[in-house]
Each structure stands twice: as structure tokens, then as C-alpha cells.
Amino acid sequence: MAETKTMAKKPSRKDDPLQEHGISPELALDLMRDMLAYRRFEEKAEEAYAIGKIGGFCHLHIGQEAAAAGSIKPLREDDYVVSAYREHTQALAKGVSANAVMAELYGRSGGSSGGKGGSMHIFDEKTRFMGGHGIVGGQVPLATGIGWKVKYRGEDSIVLVFMGDAAVNQGAFHESLNMAAVWQLPVVYVVENNAYGMGTAFTRVSRTDMVTKSSPHGVPGRSVDGQDVLATYAFFRDLAAEVRGGAGPQFVDLQTYRFRGHSMSDPVSGTYRSVEEVEKAKSEQDPIALLRDTLFAGGYLDQAGLDEMDREARQTSQEAADFADTSPVPGPEALYRNVWAEVNPNGRLFFDGRER
Amino acid sequence: MAETKTMAKKPSRKDDPLQEHGISPELALDLMRDMLAYRRFEEKAEEAYAIGKIGGFCHLHIGQEAAAAGSIKPLREDDYVVSAYREHTQALAKGVSANAVMAELYGRSGGSSGGKGGSMHIFDEKTRFMGGHGIVGGQVPLATGIGWKVKYRGEDSIVLVFMGDAAVNQGAFHESLNMAAVWQLPVVYVVENNAYGMGTAFTRVSRTDMVTKSSPHGVPGRSVDGQDVLATYAFFRDLAAEVRGGAGPQFVDLQTYRFRGHSMSDPVSGTYRSVEEVEKAKSEQDPIALLRDTLFAGGYLDQAGLDEMDREARQTSQEAADFADTSPVPGPEALYRNVWAEVNPNGRLFFDGRER
Amino acid sequence: MAVMTYREALNQALREEMERDPDVFLMGEEVAEYDGAYKVSRGLLDEFGDQRVVDSPISELGFAGLGVGAAMAGLRPVIEFMTFNFAFLAIDQVINSAAKMYYMSEGQFPMPIVFRGPTGAALQLSAQHSQACETYYTHAPGCKVVTPGTPADAKGLLKAAIRDDDPVAFMEGELLYNFKGEVPDDDDFVIPLGVADLKREGSDVSIITHGKMIHVALQAAGKLQKDGIEADVLDLRTIRPLDVDAIMATVAKTNRAVYLEEGWPYAGTGAQIVSMIQEEAFDDLDAPVLRVTQADVPMPYAKNLEAMAKPSADHVVGAVHKVLYR
Amino acid sequence: MAVMTYREALNQALREEMERDPDVFLMGEEVAEYDGAYKVSRGLLDEFGDQRVVDSPISELGFAGLGVGAAMAGLRPVIEFMTFNFAFLAIDQVINSAAKMYYMSEGQFPMPIVFRGPTGAALQLSAQHSQACETYYTHAPGCKVVTPGTPADAKGLLKAAIRDDDPVAFMEGELLYNFKGEVPDDDDFVIPLGVADLKREGSDVSIITHGKMIHVALQAAGKLQKDGIEADVLDLRTIRPLDVDAIMATVAKTNRAVYLEEGWPYAGTGAQIVSMIQEEAFDDLDAPVLRVTQADVPMPYAKNLEAMAKPSADHVVGAVHKVLYR
Ligand SMILES: Cc1ncc(C[n+]2csc(CCOP(=O)(O)OP(=O)(O)O)c2C)c(N)n1
Ligand SMILES: Cc1ncc(C[n+]2csc(CCOP(=O)(O)OP(=O)(O)O)c2C)c(N)n1
Ligand SMILES: [Mg+2]
Ligand SMILES: [Mg+2]
């Protein structure tokens, strides 16, 4: 676990974190743009949910933007990303358009799944964003299978799969890591460790540290400060290279924090965490503020530049909302479309006796 | 893992293993009687299967007798034992009569489950032998729940659950150990590590050693030589005391070897293990022969005494077979009996439209 | 009669049974500190403590099996699935362990356990969170299935389920939790399993249903009345045990029936009941028994598609007209 | 026509499809070095190597989900469950992932995966190893279910299932593996899904069934002939897609039907088909359609009880006499 230490929260920063992490000013500014885009996108979704434009469960990623940008941006286009239901910004990071994601949240035909998947089921085959899955832990075996395909075909893509801290208590997690280790699959299993599964602190459902969870399977585990986008980017840039080089499956404890409630239907704080705890995290651990300070300190960005970036971010999310709003709802023919990929010429497949 | 070492195979024996392990001559002789009884019982079952008196799947414990005697004999009457489908001799060890177990294998009304469970489903409420379960790993959560009850009621029983080496790759195993650790349940999770799951060597389905499998859950793991009944007895005697004293859940890698095929329908050896490997184990790792040598060397037993013990063992198993043979098959009324514990006064529960 | 929500009725049933029997405990995700994802267990942690109201890890297979083991050893667990959609992970322990234990052990181990939580669709929760799961639990002998549609039924049936010595899948409805209704004050109000309830009387047609669909059935009955059609609305309340006498009685009276259910058609509850009606009341039938179900598709997210997919009062009215040859 | 066992027919189908398409691979417990628990994959490891014939750990949920992920990424996995009894552990991945993926993604991810293995009872394997699991897979839209009863059907349908772009639960029978029959030599012999097969012709009554029960049905038909009763024996072969035309055709011909299946009655395949018959062929029926199923109990171990529990030719004969009012 030597690396655990070196990667742990608050690495002793040198004068210039960009240099420390080998990140160019341009890239650092891009990461700022990305995180702002995610933040404004989620805030727009929050607004839209409040006025009933978005329904169902809606899980926001606010506070966890660095985890998305820092882990996904280092990937190649032909790498795969799989996630759970808190995946809007991860989809954006992998290259799905804000319009397509927002329209999906709105349940419109312009959405990434034509409005049939919704917030928890963003899929985009082109950018290899493989969902968007609602059963806690259910995406972990899927990612393992995608890694299997990469190895089977002798390709050099890698697979990044995200799960929450609570998902490591699912058997599917352990079964998957064991198989990935046995077959040495190019899969990086990333826990977005925001310390809580809904209202349950991880410490109440585990006696050990997150980073140990992969140990019985022979999958190396490391922790990284997921609020520090530069550290996170550098970490995943290097890890992706290792895995592409044949290092086999990896486990990452990506330490972050959720600024909102579990979903739009849940309270931000309550018996399970105090208002103070949340406020403290917001003021000290906001990944956007942290990068801003670094960029200001290094003279890479000033307030005017930041305001301009933010204006763009707000505009993009506003345009996404406008696109979603004007995108038509799915037509009735969509109801029975794509239940079956192959409607066999013989035999009945639908049994509800309704007209189609 | 310090203990792992000290407990590992071939402990450096002092002149007298009985003294080394604090085991009285009487107890050592009892353990010999027990193991002989198990061996002869299983051989009788083998015979009966060959002539069609026993059907279905029948998994023998031959070669693993020390694992049963050494782990279960130290327990109290009010301790619980739960197992999988290779459980005949474990049931005997916990105090279920040879007659009841054999009659169950024969599918007779005198069986422990009235002939309705069979070889894989030996249950005996009186002796707290809690089955006899056929789904690999399925018994592990059950044992965790029995441990929950012990803690819930503030009792000081402990629970011993047996599983095969292949079962640790089931999610149920990991979910259970995590819960047992979180709630500090008095459960000892014992892997009867006979190195193979059917035709699959453990090394082909795991990259790590068995003893590490409990590590992410904060459950201590230790290995013990399951062919050495004295070492095994001493180990479980001490461990039972620890757990009864509040040490919390434990994990044991009980190293043993299967002398027969996976079940009566499977070959003893084949592509998955060589005849030589099996023969070597039989000649060097037979738990009965190992104890015999110790007892002879220490002058606690001679050939005549052993022959007498063996005669008794053969007689007991013969009597069990005779009992089973003469025990009536279940009457037709047994078919619909005990599907429901409570047949509600209202409403229909059976839907086959048959006469009952 | 007190008026309370379905949620409060369940909460009362849990509280009363936990007070009555120290062996009853509640375990599941978020049931304790969070008061339950749907607040069904509100206040129970404070009243009964963390040994009897227990937050579990997200390990459905594990804690369902833990409950089964605890029941083998003599406790009476109430295992909450946040929703039955997640219980697919645990179904091995429900079917292979709970439903068979008593039989495999020839009566040595009764299985007094309740698995409870919402089933079926709420609003726009999409394909993985909107399934009506009854069929997965009714098919195998050894498991009872209870589907209350009103606060009174929720309270009386949950108390009966907890007292029952067999495993019970107790299926609630997320959209029912806020539904208000009268509940008898009787502090030991128990509704026996296996007794259907005629929620409305009519003579022209029988609308037979269970669970939250009773409200759709009653809505349909109201619409039908305007066309001068009087419908019996029979709420089965428990689908195993099944009140077959009540089913045959309403069919004998009206000679025409429609089965309404929330789930998918293929091998649904309706399929079982329709096939029983034609088998046991063949000569009473003046028309085939029709079924109204969810559209035979995974539940879509889009609001308009979800509304189309769900069985509606209009679907029921249409089916009733068909069986009346109108 | 070559005569071969059901096992050999499956083995041929796997070999031919793996030769035909490099994306097809077989994964499951003991499928490689052990040649399969029931030797269905004999020789395939040597021929295709350990990347395409893969021994898995005992992790049903994990390797079923791995297959689903591999299918999302473009492979065509054949996942073997040693038996479907063990697939209860994996059903979340079959229903929540495989059956819904194509719909949730609006057609972006077809799911060309086959889950195969034996279903139903063999001999004295007791309650946890003797279940007919069809209902758990037919209920949810998105999953196809195939149940071949002869070597020819086994070969032709497995090839079709592997080529199908939807998830298919391919259910075999342990007691069928040694069953011999003729299989066309045509080296590309494929039987399309959704086409039933009239295994015997008669005019007095229709015995409709699927899977290994066709042999019980034919046995019953033989007995009935002695009493001068001629039975149609319709083998559905695939129960989703379902050849409804063939069902209605035989009912229209005989006006009397019995559904025979190996599994439990409540919400079984028979319930679905009987309810469809009364709905779509009401006026063709001269008698109620009866069902013959396993006794509604977990499978007991004792030989005599197991024999009683299984549906037999005599049960079928009895039901036929009833529908003929004999
Ligand atoms: C199998 C399953 N059980 C329960 C749920 C309900 N649920 C959805 S998210 C969640 C908490 C997950 O927490 P975590 O894994 O930490 O992810 P986070 O929400 O913090 O990102 C629960 C209990 C579910 N979707 N699936
Ligand atoms: C869930 C499940 N999968 C597969 C099987 C079939 N099966 C029975 S025993 C066995 C091998 C288990 O090996 P191990 O756990 O090492 O126990 P052992 O037989 O060596 O005692 C398998 C694959 C099963 N019974 N349950
Ligand atoms: Mg979390
Ligand atoms: Mg083994």
C-alpha cells in the first residue's frame, strides 16, 4: 500500500501543482472548463427537476466533478466507461453531448436513449459510454465482460467502471474482481467514495478501509484525492498507461464528497450527516474552487477569465435545456420499439393483446 | 498472518503430539473411533449407491474425516453446525445417529428428514445440525443469520459453517463475512479446502491464497492442517473458546484432500488431477493412518486395539445400513406434508388439481 | 375508525408486532437511521433500538439469507427490500432456502419470515426500477404472497404475515404509501391470509385484481356505471393463498370476468387465475375471461410512454365492453 | 439422417457455430477441462482453446453478467449454467441487464447471448436441484426461451439461438442428454425460433407441451390410442416466441386440450397458454382446458415420492378422459 500513502489526501504540494503532476496549463484550463460545464449542467437539471421537467430518480454529481474529469479525460476515445445511476457528468466527460444527456433526462426523443432510459440509463454506443445502470453493483460484472471482449479480440482499449462506496458490499463486486484477476482483464474498478450510500456512512457497513477491498482477489488497490482534479488526472493518466501496457485489473478508492442529497428526493443532510459537515466540505473541498485557487496562484487564470469560462458553461447547459425542451416527446410507436432486436418471423413475442 | 505460519502444514512435532496439543489419550482414542466410524459409514454408503439403494448425487467425505472430527468434536451441544452437501460425517460428528443419516440417504421414513431431503439435505433440529444445503455458498448467509440469533438472544453458543474451496468465489461468501464483521457475530467460517471444486483446481479460479479471502472484511484468517486430527482439534478447541469469549467472526482455511470423486457420478481422477497425486495423498495424508502412527508410536494403541475399534465401526455402519434397508419408504401422504408450516384456514395453497 | 396513510398503517403493524413479540426484528437498507427509504419504519429505531431495527449493507442476497438463518434458529425476521426490483439478487435465498426449508427438513424448520417492500411501477423510474414481481414469488410452493391495496388491508395483513409460520413475500406499492384510508381502531386488527374482499358490488361483470390495481379497477367501475354497467370489483388481497371460492362466486354471479394486474402478461398472476376460472367455472362463462396488464415491454422512462404502458381504467373499460360483447 | 444423442447434437451445434463465428465463446463451470458436468462441451477445449472454452469460478451472478457485458461489446457469448437451479443467483443479470439493455438504450446494444443448461428434475436430486425454471424467464419481455425435447430440435434450435440477437434462455434436460434420435445431416441445419412441431397427429384431443415432457405426452398418446382416442401432440419447442397459430389450429381441430408441463402449476407456462386458448378460441372449446403439472410441492428426494410428484402419462390420460367427459 506504499502508493496509498503517496496518493492520499493533501499530497505535499510543490510550488506548482501543474508541474508536479506534469499537466500543461492548457490542459489545466480545459479541466476547469469541463468541471464548470458539469456543475452548471447538474444545476440546470436540478432546476428542471424542481419544475417537473425531469421526473423519476435524479442523482446529481455536484461536488464530484473532479472525479469525473480527472478519471475520464485521460482516456482514449476507444476506451470504455461504465457507470451506475449518478452518471450524467461522466457521460459528458466521455463525449456524450450535453443536449443528448439533458434531453434524456427530459424523456425526449432527442435523448441519448430516445427518452426511454432516463437519468439512470444514459447510453451512447459511439463514445463507448456503456450506461447508466440502476442496480447497485450490477454494472461491475458488465465492465468485466467488456474487458473480456477487449482481451478476447486482442485490442488495447481499457475499461473504466465506476461504482459507489456502498457497491463494494455487493457480491457482484467480489465475483467480478476475482474473475478479472484470474483472467488479467484490462479493467479499472473505481469506487467514487463519497463516504455515504444514501444515508449510510461507509464506516457503518464496513470494518475496513475501502482500499483493502480488492486484496483477496490479487487486484492492486490505491487511494487518490478525488477533489484534486490535477492529482486525479495524473493518477489516471499513469494508471491507464500501466493497464494498457498489460498491468491487469486495478482497484481505485477515489475519495470524494456529495454536495447534494442522494437523489433529488432525498435531503442534503439529516441524521446521517450534519449541515456543518456538508458546509465544511463545500467550502474546503470544492474541486472547482481548489483548481481555481491553483490556477490563480500560478497566474494561469484570473477572475475575468474564470467568469468567461463560467458564462460559456452556463450557456451550454442553457442550450441543452432549450434543446431538451423543444425536443419532441417519443411518439407512441416508441413504446414497442426495441424490446426485441430480432422479431422472429414466426411465433408471438408480445402477449398483452393490445394493438400495436 | 503470524498464526498462519504456526498453524501451517507439518507443525514441528514434539516427541508426543498428544501432549503438544493438550489432548488426553482417551480423547485421542475417541477421535480415532470417530474417524473410523465416518470412514466405514461413507464406504457403506458407497456400496449402497453402487447397488442402487441410494440415488441422486452422493458426495463422500472419505479422506476428510479429520476435518469433521477435529472441528466439530470440540463444540458444545448447543453450538450450531451448518454445511453444504458433503455433510454426512459432519452430521454424525454433531451427534445425528448413523441410522438416521443412512436412512435419509436411502430415502426412507426413518431418515433425518423422513427421506425427503436426501444426501444433500441432512437436517437435525435436536442436535442443531442445520443442514445440508445444495447451492454452493447458500449456507453461508444462513449461518450468519444463526449467528445473528445467538447475538440477538445474548446466548453464548457459536456457529460453525463449512463450505468448499470453490464457495469463496460466490458473492454470498463475501457479503456474509462483511456482515458478520460489522455486527461481530459468533460465526466460524470454515473452508474445507480440498484443493478442487469438482474438476477445477482452486489455483485456476483464484490468484491468491485461501487464507487471504477474509481480509477485506476484517475477519481474521488462519490455516490449519486438516489431515492432522490432533492439530485440528486443538485449533478448533482454542478457537471456539475465543469466539465464545467474544472474539467475533473467524475464517479458517482447513487444508484437506478428497480421496474419492466429486460425487459418486464423478471420476476419482482424470485431466484435473492424476492418479499419482491421489495415490500419494492416500498413502501420505490419510488422517486415520496419521493418527494411528501417532497412537502406536506413543503406545496408546496397538493393532489389536485398532482392529477392535474398526470392527465396531464396521458394525455400526452395517447396522445403519440394515436399519435404513428395513425402514419403510415414506407413505404417499408424505408428498404434500410440510410444504407449508401453516395451512391457512382460508384460501387455496395447492394448485395442481390433484387429489390429496 | 382512524384515518391514516398506507405508510402509517404499515408502521403501526410493525410497531404492534414488535411490541407483541420480542423475536420480531426489522432489517434492511436504510430502515433505521433513515427511517426507511419510504419512511415506513419511521421512529422504530428510537423505540426498539439498533438490535431490532437494523441498517444493512447493500447485500440483498446476504441479508435475505441472514434472515432465513435467523428464522431457522427461531426468530421472526422482517426483511425489507428497498424495492422488490432489487430482490432479484436475493431470490435464490427466498426460493431455494426459505420456500423449501420446511419441506426438505420434513417439518423441522418452520420459516416465519416476511420479505417486504414495494413492487411495481412508481413514476418514471424506468425499466430496472418498475417491475411488478409477483410471479417470481407465487410460482414456487412454500412461499405466500400478499398484496394489500388499502391502509386497512396493509395493517391487518402485515400483522397476519408476521405471525404466519411460512415465508411471506409482502408486496406494497410506492404510490400507495401516501394513500389515506380508514383503519379499524381495534388494537389487534388482523386480517387472515386467503380472504378476498369485494371492494364494490355489481352484477354485470367481475373485475378481479390485486394490489394497487384495485384503485384502477374502482375507477373503471365508476366509468362503467355511467354506461349502466355494474361491476363486482374483487380484491384478492393475498394471491397465495388464493380465495378461489370468492373468485368462482363472483364469476357465477356475473358470468363475465376481466383480470387486471400491474405486471406483465406472460405467466402473470392473471394467467393463473384465468386458467383456473375456465377450468373450474367453464359452464358459468358467457364470454372468455380477458386480462388487462402492463404493456408487454420493459417500463420506459418517458412520461407519455410510461402512461401508455401502465394498465388504465380505460383499458379495463375496453375489456369489459368486449366480455359484454358491447 | 445420422442417429445421435441429444448431448452430441448440442455439441455439434456448439462446434459448428464456433467454427462459423469467431465471436462465439462458451463459458461456465467445468465446461473446458472437465468437458462439461454433463459432457456437452466434450472436445471443444482442444479444438478452440481456453480463450473460447472457458472454465469459470463458481460465480453465477458474475459470469452471467460478464457474458452480458461481452455481448454489449459485440461478442456472442454462450453461458452455461451447470443447471438452471443455480441461475437463481444470476437472474438479476438476465432480467435486469440482458432482457432490458436493448430497450433502455433504444436499440444501441443488442444482446446476442445464450444462457444454457438443464432445467427440471433428473433422478432423486431433491428440492434444490430439480426445478423447472421456465416461468422465471418467460415472464419478462426481452428474453426468449427455448426448450428442445429431441436431438434434432436441440441442434437446430441451439444454432438458431446462438445466431439470434436477443438473449435466449436455452433449457435442456439432464435426462435427455443420452436420448438418441435422428438429426438431419445438413451441415447448416437451423430450426427457426417460434415454430411448434406436431409430434403426433390425432383428431380427438390436443396434448400441448414443451421440453422433455413431449416424451411423456407421446407415451400418453400411445396409451390413449388403445382406448381408441387419437391425440395431437403439439411440441411448442420455443415458449417465447410462441407459435400461437399452431396452438389454435390444433384446438380448432380437436376442440379439447390438455397442457402438460414439468414444472409447478401456479403461473406456469401452462397457465399462460390455457388462458390464451380460452381467450382466443373460446368458441372452439367443448371442454375446459386442463393442465397436468408437477405436484405442487418442492421435489422430494425419496424415489417413490419423486415418482408421484412428477407428471406422468397416467396423469395425462386421466386429464384427457376428463376433457372428453369419459
Ligand atoms: C441492488 C440495489 N439495492 C438498492 C438500491 C437502492 N439504492 C440506489 S443508490 C443506493 C445507495 C448507493 O450508494 P453508493 O454505492 O455509495 O453510491 P452513491 O449514491 O453514493 O454514488 C441504494 C441503496 C439499488 N438501486 N440497487
Ligand atoms: C450455485 C451452485 N453452482 C454450481 C453447483 C454445482 N456444484 C456442486 S458442488 C460443486 C463444486 C464445489 O466445490 P467445493 O466448493 O470446493 O466443495 P467440495 O465439493 O470440494 O467439497 C459444484 C460446481 C451448485 N450446487 N451450486
Ligand atoms: Mg456513496
Ligand atoms: Mg473443494
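Only heavy atoms go into these numbers, but all of them, side chains included; no hydrogens, no water, no symmetry mates. Residue numbering restarts at 1 for every chain, and letters A, B, ... go by the order of the sequence lines. Since the structure is predicted, the reported quantities are computational estimates derived from the model, not experimental observations.
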Please name the pair of heavy atoms, one in D:E106 and one in A:G114, separated by the smallest distance, quoted to 0.1 Å.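 Closest approach of D:E106 to A:G114, heavy atoms only: CB-N, 4.2 Å.
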Nearest heavy atoms of A:I146 and D:G69, plus distance in Å: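 Closest approach of A:I146 to D:G69: CG1-O, 3.5 Å.
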Are a donor atom and an acceptor atom from the side chains of A:N344 and D:D166 found within less than 3.5 Å of each other?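 Looking only at side-chain atoms, D:D166 and A:N344 do not form any donor-acceptor pair under 3.5 Å.
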For the residue pair D:Y103 and A:R337, confirm or rule out a side-chain donor-acceptor distance under 3.5 Å.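 No.
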Any idea which of [options] has the most non-hydrogen atom pairs under 4.5 angstrom with chain D?
options	result
A:D124, A:L185, A:V182	A:D124
A:K149, A:Q139, A:R348	A:R348
A:I135, A:V140, A:T144	A:I135
A:G117, A:A341, A:G347	A:A341
A:F173, A:W340, A:Y152, A:F123	A:W340

Between [X] and chain A, which part of the residue has a heavy atom less than 4.5 Å away: side chain, backbone, both or neither?
X	value
D:Q51	both
D:S105	both
D:P22	backbone
D:K100	neither
D:R163	backbone
D:E60	backbone
D:Y102	both
D:M111	neither
D:T238	neither
D:D164	both

Could you tell me the separation between the [atom1] atom of [X] and the [atom2] atom of [Y], rounded to the nearest 0.5 Å?
X	Y	atom1	atom2	result
A:S112	D:Q108	OG	CD	7.0 Å
D:M104	A:H121	CE	NE2	5.0 Å
D:F109	A:S113	CZ	OG	8.5 Å

Tell me, out of [options], who's got the most heavy-atom pairs with chain A below 4.5 Å.
options	answer
D:V195, D:D243, D:L193	D:L193
D:D92, D:I58, D:L89	D:D92
D:G107, D:G142, D:A70	D:G142
D:V244, D:L61, D:L75, D:L236	D:L75

Is the backbone N or O of D:G62 less than 3.5 Å from a side-chain atom of A:E175, with the two atoms forming a donor-acceptor pair by type?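 Between the backbone of D:G62 and the side chain of A:E175 there is a qualifying donor-acceptor contact (under 3.5 Å).
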Measuring only between side-chain heavy atoms, which start at C-beta, is [X] closer than 4.5 Å to [Y]?
X	Y	value
D:S56	A:W183	yes
A:S176	D:L66	no
D:S97	A:L142	yes

A:W148 ring center within less than 6.0 Å of D:F25 ring center: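 Under 6.0 Å, so yes.
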Got a salt bridge between A:R153 and D:D23, using NZ or NE/NH1/NH2 to carboxylate O under 4.0 Å?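 Counted as a salt bridge, because a side-chain N and a carboxylate O are separated by less than 4.0 Å.
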Does A:E77 CD have over 12 foreign heavy atoms under 6.0 Å away?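 Not buried by this count: 12 neighbours or fewer within 6.0 Å.
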Under 4.5 Å from a heavy atom of chain D, the part of A:L335 involved: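 Both parts, backbone and side chain.
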Where does A:H133 contact chain D at under 4.5 Å (heavy atoms): side chain, backbone, both or neither?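 Contact with chain D is through the side chain of A:H133 alone.
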